[in-house]
Amino acid sequence: MEDIVCNRCSLLCDDVLAEIGDEGAKSLGLCRLGHTHLESVANQTKIEVISREDGKENKLSLDKALEKAAEMLISAKHPLLYGWSRCTNETISEGLSLAKTLKAVFDSSASMGLSQSMSHNVQNMKLETDLDEVQNKGEFILYWGSNPVESSHRHASRFTVFPRGENVPQGVESRVIGVIDIRDTETMKMANHRIIIPHGGDSTLARALIDDLTGKTPIKTPILGIPAAILVGLSQALRKSDFTVIFYGTGLVNSGKTTENLSLLEELVQTLRKLGKNIYAMPMWHAPNDMGVVASSKELDGIPVAFNIASGKATQLSVKNTLQRLAAGEFDVVLVAGSDALVELPGQAARGLANSSIIYIGSTGTLVDNRAVLSLRAIDDIISGLGSMTRIDMKDIRLKNWDESKQKTQNVFYVISQLHQLIQTKLKN
Amino acid sequence: MKLNPMDLYNLLPKTNCRQCAPKTCMAFATKLALGDVTADDCPPLLEPGFEKNLKTIRELIAPLLSTAETGVKLDEEKCTGCGNCVVVCPVDVAVEPPTGLGKAAKGDVTVFRIDNGVAKIINLEKCRRFPPDRLNCRVCEQYCCTDAIEIW
């Protein structure tokens, strides 16, 4: 078996082994999600292109497919380049250049919460700690609106809860774990503090904790139906810990009060820092390279994720804008790269996308792959082993070139690069 | 029977008085659930006012202390391959130290290893529940979030 890097979720595990033989894929250390992903893409040894017209599927050569895709994008009135969350950083950069060339809208699933978090004061486009530091020092780990046991399986065992570290020599027994969610999740099974709040109750809880910690209004009565003793226990755990990390997820950010919740999270962090504590907030998103999208698109005029280059200059869009436009069917041609957008998008927007002309470039077997008028099924990056991705703590992880990678360079980056070159040539002529 | 340390913790005085070896009530509850300490090792619990809690704790841990035969079962259908069992298993950490730092088990010397996306018990005889140790360790079961591990 050989060292590989798993690209199935935002942890980008680089301590795992795999091999692909006659009996399929074998792995050591990959979680169920990672192994299933490897199995599903292991047999793709070359690019396959499917064209769909009037319910009929036809196989095309790559050259013909690129020609057709280029014509569709050039003649589009309102092109959208969407996806990118499963692409390498190099592919995302190429996609951004393509958006500039086409004067298209560029957007990603990262704009559904992560980019708002990263551009809010609580982060300001950077993180102050990383997962390796959390492993070594994390004393109180608080999952707020995030559920790693069901989405990023190895988050707790590899970095945050169970491993031993410099200041936490007994691993889980040296740490305190808290979970705040709207339901009894599997992550709660490893927690000392389990707080189940009603939907949308995050801001009330955060305000109560802040007021208790500052001494403004000590918690003495139930809040959100939660007994005071339980909330006081959580507040005391925050006060006692010298190194706290709050892993906040979509449950906190996408519960209808994005800005208010993020601002209260920031206030909670500041309150504890004034008490002399080391406390950090880190987003908890599971798509493998949403953070790469944020980091790469930030380099383009400092604008994170969703933007429109129709005027020749990048203008930031709100995610609502893109989703509303998708739902209204405003985009006539949508290039979906490295993402199963039909799964990730909310219902109305997904329906809008399904009704537009989709060009798909990515791994085989996704819903978009089955719906696109043109599907360019490329070699998955776990196989090609080329390029880098950005872990959820903004650490760049280089994919590993392994035996299965040899001669298998026709990944999404290759296809996007070829397409971009062809479009540039056509536009010059 | 699987004991949840939180259930035991809620019955403790929760004063973190530091009179026991584990030092904190949570750590004491964890060791209590593993059978490494008994209720009598908590001095405040023996004081007046905690009689009911003491009785309940003794009833809860009684089955642990009377265990004569043992076994470990792993339900692969429930397992997500999270690796919690690999990292918390004291044997794994001793025989392949990087696992204690959260790294995947790569050798063939550990009790647990994640093979093809799910946990496998590859060296059951090394488990501390079996001779010569015969310890009442159930840390893998305790921290398996999907209840895939069952110890009896």
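Heavy-atom basis, side chains included; hydrogens, waters and symmetry copies ignored.
- More than 12 non-hydrogen atoms from other residues, nucleotides or ligands lie less than 6.0 angstrom from CG of B:D7.
- Here the side chain of A:R158 pairs no donor or acceptor atom with the backbone of B:C82 at under 3.5 angstrom.
- For a residue to count as touching a neighbouring chain, one of its non-hydrogen atoms must lie under 4.5 Å from one of that chain's; by this rule A:D132 does not touch chain B.
- Expressed to the nearest 0.5 Å, how far CZ of A:R154 lies from CD1 of B:I114 amounts to 8.0 Å.
- Closest non-hydrogen pair, A:D3 versus B:K106, comes out as OD1-NZ, 3.9 Å.
- In this structure, A:E173 contributes its side chain and B:T30 its backbone to no donor-acceptor pair below 3.5 Å.
- In this structure, A:K26 does not pair ionically with B:D115, as no charged nitrogen and carboxylate oxygen lie closer than 4.0 Å.
- Nearest heavy atoms, A:P163 versus B:G102: CB-N, 3.7 Å.
- For NE2 of A:H286, the number of neighbouring non-hydrogen atoms (other residues, nucleotides, ligands) closer than 6.0 Å is 12 at most.
- When B:G83, B:G100, B:G81 are compared by the number of non-hydrogen pairs under 4.5 Å with chain A, B:G100 comes out ahead.
- Annotation: side chain of B:M6 is in contact with side chain of A:N192 (closest heavy-atom distance under 4.5 Å).
- The part of A:A25 that comes within reach of chain B is its backbone (N, CA, C, O), which places non-hydrogen atoms under 4.5 angstrom from that chain.
- At a 4.5 Å heavy-atom cutoff, B:V139 makes no contact with chain A through either its backbone or its side chain.
- Of all non-hydrogen atoms in B:A104 and A:D15, the two that sit nearest each other are N-OD2, 2.9 Å.
- For A:L28, the parts lying under 4.5 angstrom from a heavy atom of chain B are both the backbone and the side chain.
- Put simply, the residue from A:H153, A:E186, A:E150 that forms a side-chain contact (heavy atoms from CB on, under 4.5 Å) with B:T146 is A:E186.
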